[in-house]
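Order of the sequence lines sets the chain letters (A, B, ...), proteins ahead of strands, with each chain counted from 1. Any value given below was found using the heavy atoms of this structure, including those in side chains, with hydrogens, waters and symmetry copies removed.
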There are 2 protein chains.
Amino acid sequence: MRPAPERRREILDTAAEVFAAQGYDATTVRRIADAAGLLAGSLYYHFDSKESMLDEILRAFLDELWARYDAVLAAVLGPRETLEALVTESFREIDRHRAAVAIYQKESRHLREQPRFGYLAGSQRRFEQAWLRTLERGVAAGVFRTDLDVRLTYRFVRDTVWVAASWYRPGGQHSPEEIARQYLSMVLEGVALRDGHRTYD
Amino acid sequence: MRPAPERRREILDTAAEVFAAQGYDATTVRRIADAAGLLAGSLYYHFDSKESMLDEILRAFLDELWARYDAVLAAVLGPRETLEALVTESFREIDRHRAAVAIYQKESRHLREQPRFGYLAGSQRRFEQAWLRTLERGVAAGVFRTDLDVRLTYRFVRDTVWVAASWYRPGGQHSPEEIARQYLSMVLEGVALRDGHRTYD
DNA sequence: CTCCTTCCCTAACAAGTGTTTGGTAGGTTA
DNA sequence: TAACCTACCAAACACTTGTTAGGGAAGGAG
């Protein structure tokens, strides 16, 4: 027999890809099995249910994301540096877990209502607090504009970052860091040209 | 009998709400019928199929959107004014057809591959061209920054606008025009405070 | 060799799916 | 009144869904 305990991970990655491409509900277990090279019933040797696969995908993604976020937040940087670090980590996460992020984007809103996926709501609250605090710190410190609705700004920043998962493909011409740099530049400085605006050297 | 030829529209609006909330595939015709106050089979007096309902919802949305976009583009404004007008019209469209926009956001990527929904790909190409042309005009005219990847900027602007459909609720404290103003301010000027930055009067 | 574990297949299950068919209450038209 | 149309219901259809049970091939351990 092959040594394969990573067969499980292999199947889970396949499932994540299919979920991301077709949507969770539209994906049949037979389709996953097909893509992974086995039959539908055999999936249940590795996993309890289709829902368990989804659960495991989302948990792994959120665990890794929060490990990085917590590291950033624990460093207690200035508000602008915190924002830059959070955005950069987000793009790195998209680079690593593209499928999981796409699934999260598409499904979390209605999954959140199921008890089993209640942790999605909890994660979202922590997420929102971390961002709001950072923005408010920045406003107080005079590095962010004071004339904007903070909550609107939060949604703006949050969305601009995460929807990138819907078009980003790893191995493209831009690295996650490069995309993060340009996104940050747009979010912080705007796309309009103005007097004294510096171009890259 | 009631006068109702608008019963059809009523059912379609209900279907759009349910599709937007639960996802198209996760929505059963019985659920739609329930919400509309009739039985599943009775839906087929008004519509050919579940897919037809989705098709009609998306077509109505795109038709109206393009009518407004074409009016803006035909006016041949300056690039910055064009961008502002397109964004404002987009938020107005979200205000009017919130459910349809949410469905479009969630489902268009994979629907696009079905022949029946091929027009989604066509619409997306026109959409991309209109935006890219406007941005390139702006770069050439010196009103937009020259150091950004135009395609990245396009996705940035596009996404920031349309994901708003996932959280926007009509009748909230901000009108579509107010949201558009703040979004445009963030996209054009950035969220960072800088010397000489003016707050609202 | 024999036993055991790992990993998968075959075949079926009940529940739920979109859809069709035939019928009918009640208003409109002639 | 009679014929007709609109908008719906009741019941069933064929099919797909996620899931389960039993079995078996292939390798490692004794």
Side-chain angles (χ1 to χ4, degrees), chain A residues 1-59 99 103 106-107 110-111 113-117, chain B residues 1-59 99 103 106-107 110-111 113-117:
Chain A
M1 280 263 101
R2 272 171 294 162
E6 74 265 19
R7 177 64 168 141
R8 183 192 166 83
R9 168 66 51 133
E10 199 178 319
I11 294 173
L12 205 59
D13 287 348
T14 306
E17 291 298 329
V18 184
F19 285 157
Q22 323 219 341
Y24 172 74
D25 289 284
T27 301
T28 71
V29 294
R30 285 165 235 273
R31 180 91 180 68
I32 298 172
D34 233 42
L38 39 70
L39 290 187
S42 307
L43 288 175
Y44 291 80
Y45 171 75
H46 297 280
F47 303 96
D48 286 346
S49 64
K50 180 188 173 189
E51 207 180 67
S52 293
M53 298 187 217
L54 177 63
D55 190 54
E56 210 168 316
I57 291 167
L58 292 175
R59 287 197 125 96
I103 296 168
K106 258 197 266 196
E107 317 284 352
H110 67 266
L111 283 178
E113 288 156 25
Q114 277 176 259
R116 172 165 198 176
F117 293 95
Chain B
M1 281 261 101
R2 272 170 295 162
E6 74 266 19
R7 178 64 168 140
R8 181 191 168 83
R9 168 66 51 134
E10 201 179 316
I11 295 173
L12 205 59
D13 287 348
T14 305
E17 291 299 330
V18 185
F19 285 158
Q22 324 219 340
Y24 172 73
D25 289 283
T27 300
T28 72
V29 294
R30 284 166 236 270
R31 180 88 178 70
I32 298 172
D34 232 42
L38 39 71
L39 291 188
S42 308
L43 289 174
Y44 292 80
Y45 171 75
H46 297 280
F47 304 97
D48 286 346
S49 65
K50 180 187 172 189
E51 206 180 69
S52 294
M53 298 188 218
L54 177 62
D55 190 55
E56 209 168 316
I57 291 167
L58 292 175
R59 287 198 124 95
I103 297 168
K106 257 196 265 195
E107 318 283 353
H110 66 267
L111 283 178
E113 287 157 24
Q114 277 175 261
R116 171 165 198 177
F117 294 95

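The phosphate of D:dA7 (OP1 or OP2) has no side-chain N or O of B:Ser42 nearer than 4.0 angstrom. Taking 4.0 angstrom as the limit, B:Tyr44 places a side-chain polar atom (N or O) nearer than this to OP1 or OP2 of C:dT19. Look at A:Arg7 and you'll find a side-chain N or O under 4.0 angstrom from OP1 or OP2 of C:dC8. Dashed line: the shortest gap from a side-chain N or O of B:His46 to OP1 or OP2 of D:dT6 is not under 4.0 Å.
Remark: C1' of D:dT17 and CG of A:Leu43 are 14 Å apart, rounded to the nearest angstrom. To the nearest angstrom, C1' of C:dC7 lies 9 Å from CG of A:Leu38. The distance between atom CG of A:Asp25 and atom P of D:dT16, rounded to the nearest whole Å, is 18 Å. Taking atom CD1 of residue A:Ile11 and atom P of nucleotide C:dT6, one finds them 15 Å apart after rounding to whole Å. Atom CZ of A:Arg8 and atom C1' of C:dT6 are 14 Å apart (whole Å). Atoms CZ (B:Arg31) and P (C:dG16) sit 15 Å apart, rounded to a whole Å. In this entry the distance linking NZ of B:Lys50 with C1' of C:dT19 reads 12 Å, nearest Å. Rounded to whole Å, the distance from CG on B:Leu39 to P on C:dT20 is 17 Å.
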Step-by-step side-chain contact (heavy atoms from CB on, under 4.5 Å) determination, A:Lys106 to B:Lys106: CA-CA 6 Å; A:Lys106 258 197 266 196; B:Lys106 257 196 265 195; 4.2 Å; yes
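Residues B:Arg116 and B:Ser52 meet the side-chain proximity criterion, which asks for heavy atoms closer than 4.5 Å. Side-chain contact between B:Leu111 and B:Leu58: present, with at least one pair of heavy atoms (C-beta onward) separated by less than 4.5 Å.
Relative to the side chain of A:Val29, the nucleotides C:dG18, D:dC8, D:dT19 differ in distance, and D:dT19 lies closest. When the nucleotides C:dC9, C:dT17, D:dC9 are ranked by their closest atom to the side chain of B:Arg30, C:dT17 comes out on top. Relative to the side chain of B:Tyr45, the nucleotides D:dC8, D:dG18, D:dA12 differ in distance, and D:dC8 lies closest.
Here B:Ser52 lies out of heavy-atom contact (under 4.0 Å) with every strand. Among the protein residues, A:Thr28 comes within range of the sugar-phosphate backbone only, with heavy atoms under 4.0 Å from sugar or phosphate atoms but none that close to a base.
Here B:Asp55 pairs with B:Arg59 in a salt bridge; the nearest charged N to carboxylate O distance falls below 4.0 Å.
Taking the centre and axis of the six-membered ring of B:Tyr24, the NZ or CZ atom of B:Lys50 falls inside the cone set by 45° and 6.0 Å.
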